[in-house]
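Along the sequence shown, residues carry numbers from 1.
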Amino acid sequence: MRKYFSWLLIGLLLSLGIVTQAAQAAQTQQQTLAQIVNRLAIPATMRCQFSQQRFLTGLKKPLNASGKMWLDQKQGIALLQQQPFEQMTALAADKLIQIIQQQKQVIYEKDQPQLFHITRLLFSLFQGDFNAIPNHFEITELEAKSAQWSLVLVPKQAPLNLLFSQISLRGDRHIESLTILDKQQDQTLLQFEQCQQLEKLSNEQQIWFNAE
């Protein structure tokens, strides 16, 4: 009986040690994430050059695209693809607008709520709002160096975990790259460069977000 209680005591002590280590690791992770958020300095309105590479299973070379991106903290985010063909995509609060060859399509949140759940979460990450990360993602890698930070997120629950294997972010004062690995092992890399703060969007750009 004494031997049984000895082993039980040892087991409890070991389990307490594991719990303590896990708690310390979680606290360190939270502190590092807070450091990243404090380093971010994303303006209310900004413009960047973007490039996109899609690495699809079965293709030897990636599919490339490039253009301009506008971020407005109140209105949303717009991507004007210029190469290989022109295409405009704008995500507003309750709708997604896409214009290809002057043909416009508008998708509303009420029609595809799951789509907007995903796009809104990705948009919040790009805005530097990392508050939702612990609820939706497990952080598998997290690093904050003097010149740059990076983190790798693995979705915890549907619908994100049904579509994505992981999402990687890297940057400094703002997000400089976003890499998405989907369940088919296809990878999309978005890079943002030459970012500039703007006083406000032009009239034409505001029309993008207000399209019906």
Closer than 3.5 angstrom, by distance alone: can the side chain of [X] be matched with the main-chain N or O of [Y] as a donor-acceptor pair?
X    : Y    : result
R170 : E176 : no
Q206 : N203 : no
N64  : Q53  : no
K156 : P134 : yes
D182 : D186 : yes
S150 : G171 : no
N38  : A34  : yes

Would you say [atom1] of [X] has more than 12 non-hydrogen atoms from neighbouring residues, nucleotides or ligands within 6.0 angstrom?
X    : atom1 : result
K183 : NZ    : yes
K200 : NZ    : no
Q114 : CD    : no
E199 : CD    : no

Is there side-chain contact between [X] and [Y], with heavy atoms separated by less than 4.5 Å?
X    : Y    : value
T119 : L96  : no
L80  : E86  : yes
W208 : W70  : yes
I180 : Q187 : no

Item to check | Remaining members of hydrophobic cluster (4.5 Å side-chain criterion), L162 | outcome: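 Members besides L162: none; it forms no cluster.
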
Checklist entry - Could you go step by step and tell me if Q185 and T57 meet the side chain to side chain donor-acceptor pair (under 3.5 Å) rule? => result CA-CA 7 Å; Q185 298 304 299; T57 305; over 6 Å; no

Next on the checklist: For Q83 and S66, which I'm curious about, is there any donor-acceptor pair between the side chains at under 3.5 Å?
Outcome noted: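 Side chains of Q83 and S66: no pair found under 3.5 Å.
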
Next on the checklist: Could you check whether D172 pairs with R39 (Lys NZ or Arg NE/NH1/NH2 to Asp/Glu carboxylate O, under 4.0 Å)?
Outcome noted: yes

Item to check | Mutual orientation of the aromatic rings belonging to F192 and F50 [parallel < 30°, tilted 30-60°, perpendicular > 60°] | outcome: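 Correct class here is tilted.
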
Item to check | Where I167 and F137 come nearest, the two heavy atoms and their spacing | outcome: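 Where I167 meets F137 most closely, the heavy atoms are CD1-CE2, 3.9 Å.
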
